[in-house]
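By convention in this document, chain letters (A, B, ...) are assigned in the order of the sequence lines, proteins followed by strands, and residues within each chain are numbered from 1. Both backbone and side-chain heavy atoms feed into the values below; hydrogens, waters and symmetry mates do not.
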Amino acid sequence: MKPTLVKGTRDFGPEQMSKRLFIFDTIRATFKRFGFLPLETPSMENLSTLMGKYGDEGDQLLFKILNSGDFAGSLAPEQLAAGSKAMLPKIAEKGLRYDLTVPFARYVVMSRHALTLPFKRYQMQPVWRADRPQKGRYREFYQCDADVVGTDSLLCEAEIVLMVHEVMRNLGIENFALKVNNRKILTGIAEFIDAPGMEGALAVAIDKLDKIGQDKVLDELRERGFSDSSITALLPMFTMQGSTNEVLEKLKNWLTTSETAQRGIAEIEEMLALVGQYGLENPKLELDVTLARGLSYYTGAIFEVKALGVSIGSISGGGRYDNLTSAFGTSERLSGVGISFGVDRIYDVMEELNLFPEGAGQGTQVLVVPFEESGRHVGLPLLASLRGAGIAAELYPDLSKVKKMLDYANAKRIPFVVLIGSEEVQTGQLAVKNMVTGEQQKMSADAIAAFVQAG
RNA sequence: GUGUCUGUAGCUUAGGUGGUUAAAGCACUCGCCUGUGGCGCGAGAGAUCACCGGUUCGAGUCCGGUCAGACACCCCA
């Protein structure tokens, strides 16, 4: 049989991995700089932890794990006949995590006694979704999350804005848009147009404005049960364009009677003020009232980052959630806010825009090539000194043809090769070859480390 | 869950309207060159044409099905 990959999963070869690690390292460095501490949680969670947190669609997309042993043994014929949905609780009680936020909330609730609030954690692990794969969408992908729980302070929202900017700049993605909105504004709009509690449906529909246009959005709203008067009242919504400050003014004047909306507007204003006080220059912030995001648990700020010039979904998203821990039975109100970076999409964006720095795929710096046994006696101490100087170096393990060994260096894109034949052994002057320029010169072994480091 | 497209060497692909031993580039192995790669020249190895069935004297090519993948919708990082 010939092996295949599970649909929607990938192998990452050395070249890809060094690029991926560049992304992970960059994001981790920012998270640490902002005072977040690392956390890992298991790949598997109880389905009772996961189900019901992501909406019906999300429940559908959860990978469920069959119980060990004779998982169907206790099923009665009538339970079998009732269909897969009905028997699910009997045959599967675990599932793969769908995101990092819900496991984090579960962790916070379970470890509440040991945590000092506000608690800031970062987490970089794979998540799984039983989605149909397509461009920029995988069934297994990594998220890098940073969340704060235990404070309502809008400083946290401001810090997310700052972190997004820092990460994007350090990755080299200069051309991006950080879209922000506030769930309270959406909720306020729903109240204002006399469709209270329907902000979910409202959000899903207007989120598509960019894609399908105003008319189709209105059609969809009708289908979702919005009355004509509600839809008429909603029309000013589509004029909410312009600079962030302009939109804020328009919203204020439009939603005068909605206290909820005004609170959402005030939150955005305060967040912006804090970002300004920090000193972030030219923030790439856009208030987008149509930004909704599917996840049902957001209650305040909503974030989404899009790379411009690439047709791929958002590369990062997040927001504030007030009630996630209460789903696990805590009476204490713990508000959280966080951001999630999608490593795999960031990779695709950087690859497409050619943004990986030259050294991102760089492995071995020096290949030591002995022509014969005696060359090893010189090569091994050299290897030790190079490594001691922090230079990635390897010795070609076999005594084979020079061509073959140089081909190896080319294949691994090793920039320097040290050739050691009988002449070099005798004189102590080793041949150092720059594989990019082809230049070759002789020098003593202890000069090589400095020569290589000089480039 | 719905739809569209695509499956030919390790990779990328060529193979109008069916017709003998399925073609090329890259990669690989060997040689030109027993101490020098990326360029060149020569040779070699490598394919049950995704799978199963049908039409036909004859199928990589046409038809049906299966499987796999990509893309789009829904939704999402």
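Residue-level contact check: A:G421 touches the bases, meaning some heavy atom is under 4.0 Å from a base atom. Residue contacts for A:Y138: at a heavy-atom cut-off of 4.0 Å it reaches a base atom on one of the strands shown. Within 4.0 Å (heavy atoms only), A:S316 reaches sugar-phosphate atoms of the nucleic acid but no base atom. Within 4.0 Å of A:M435, counting heavy atoms only, lies at least one base atom of the nucleic acid. Contact annotation for A:K306: no contact, since no heavy-atom pair falls under 4.0 Å across all strands. Counting any heavy atom pair closer than 4.0 Å across all strands shown, A:G55 reaches no nucleic acid atom. Across all strands shown, A:Q134 has heavy atoms under 4.0 Å from base atoms, whether or not it also approaches the sugar-phosphate. If you check every strand for non-hydrogen atoms under 4.0 Å, A:N410 touches a base. Contacts of A:V417 with the nucleic acid, taken as non-hydrogen atoms under 4.0 Å apart, are absent. In this structure, A:G58 reaches neither bases nor backbone, as no heavy-atom distance under 4.0 Å exists between it and the strands shown. Counting any heavy atom pair closer than 4.0 Å across all strands shown, A:L419 reaches a base atom. Heavy atoms of A:S314 sit under 4.0 angstrom from primed sugar atoms or phosphate atoms, though from no base atom. Counting non-hydrogen atoms under 4.0 angstrom, A:Q60 reaches nothing in the nucleic acid.
Put simply, the side chain of A:K433 and the base of B:U36 share a donor and an acceptor less than 3.5 Å apart. Counting distance only, with no hydrogens placed and no angle test, the side-chain atoms of A:E424 and the base atoms of B:G35 include a donor-acceptor pair under 3.5 Å. Not a single donor-acceptor pair, N or O on each side, falls under 3.5 Å between the base of B:C76 and the side chain of A:R132. A donor and an acceptor atom never sit less than 3.5 Å apart when one is taken from the side chain of A:R129 and the other from the base of B:C75.
Using a 4.0 Å cut-off between a side-chain N of Lys or Arg and a carboxylate O of Asp or Glu, A:R121 and A:D147 qualify as a salt bridge. Salt bridge A:D219/A:K216: absent, no basic N to carboxylate O contact under 4.0 Å. Between A:K412 and A:E394, at least one side-chain nitrogen of the basic residue sits less than 4.0 Å from a carboxylate oxygen of the acidic one, meeting the salt-bridge criterion.
B:G1 and B:U56: their P atoms are spaced 38 Å apart (whole Å). Across the C1' atoms, B:A45 and B:C76 are found 47 Å apart, a figure rounded to whole Å. One P atom belongs to B:G58, the other to B:U48, and the distance between them is 23 Å to the nearest Å. Nucleotides B:G53 and B:G46, compared at atom C1', are 30 Å apart to the nearest Å.
Between A:E220 and A:G8, the one whose closest nucleotide on RNA chain B sits nearer the 5' end is A:G8. Mapping A:L5 and A:R345 onto RNA chain B by nearest heavy atom places A:L5 closer to the 5' end of the strand.
Counting non-hydrogen atoms of other residues, nucleotides and ligands closer than 6.0 Å to NZ of A:K208 gives a total above 12.
Residues A:L406 and A:M435 are in side-chain contact: their nearest non-hydrogen atoms beyond the backbone lie under 4.5 Å apart.
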Start with the C-alpha gap between A:K404 and A:D407, add the side-chain angles, then the distance that decides, and say whether salt bridge (charged side-chain N to carboxylate O under 4.0 Å, His left out) holds. CA-CA 5 Å; A:K404 184 162 180 156; A:D407 281 343; over 6 Å; no

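Partners of A:D288 according to the salt bridge (Lys or Arg N to Asp or Glu O under 4.0 Å) rule, which considers only residues two or more places apart in sequence or in another chain, are A:K179.
Contact between the side-chain N/O atoms of A:K208 and the OP1/OP2 oxygens of B:C75 is found at a separation under 4.0 Å. Between A:K401 and B:G31 there is a side-chain polar atom (N or O) within less than 4.0 angstrom of OP1 or OP2.
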Dot-bracket for RNA chain B, please. Rules: Watson-Crick or G-U, both distances under 3.5 Å, ( ) within the strand, [ ] when a pair crosses earlier ones, | for another strand, . otherwise. (((((((..((((.....[...)))).(((((.......))))).....(((((..]....))))))))))))....

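The one candidate from A:D344, A:D131, A:D348 that meets the salt bridge (charged side-chain N to carboxylate O under 4.0 Å, His left out) condition with A:R137 is A:D131.
Residue A:Q365 holds its CD atom at 7.0 Å from CZ of A:F416, rounded to the nearest 0.5 Å.
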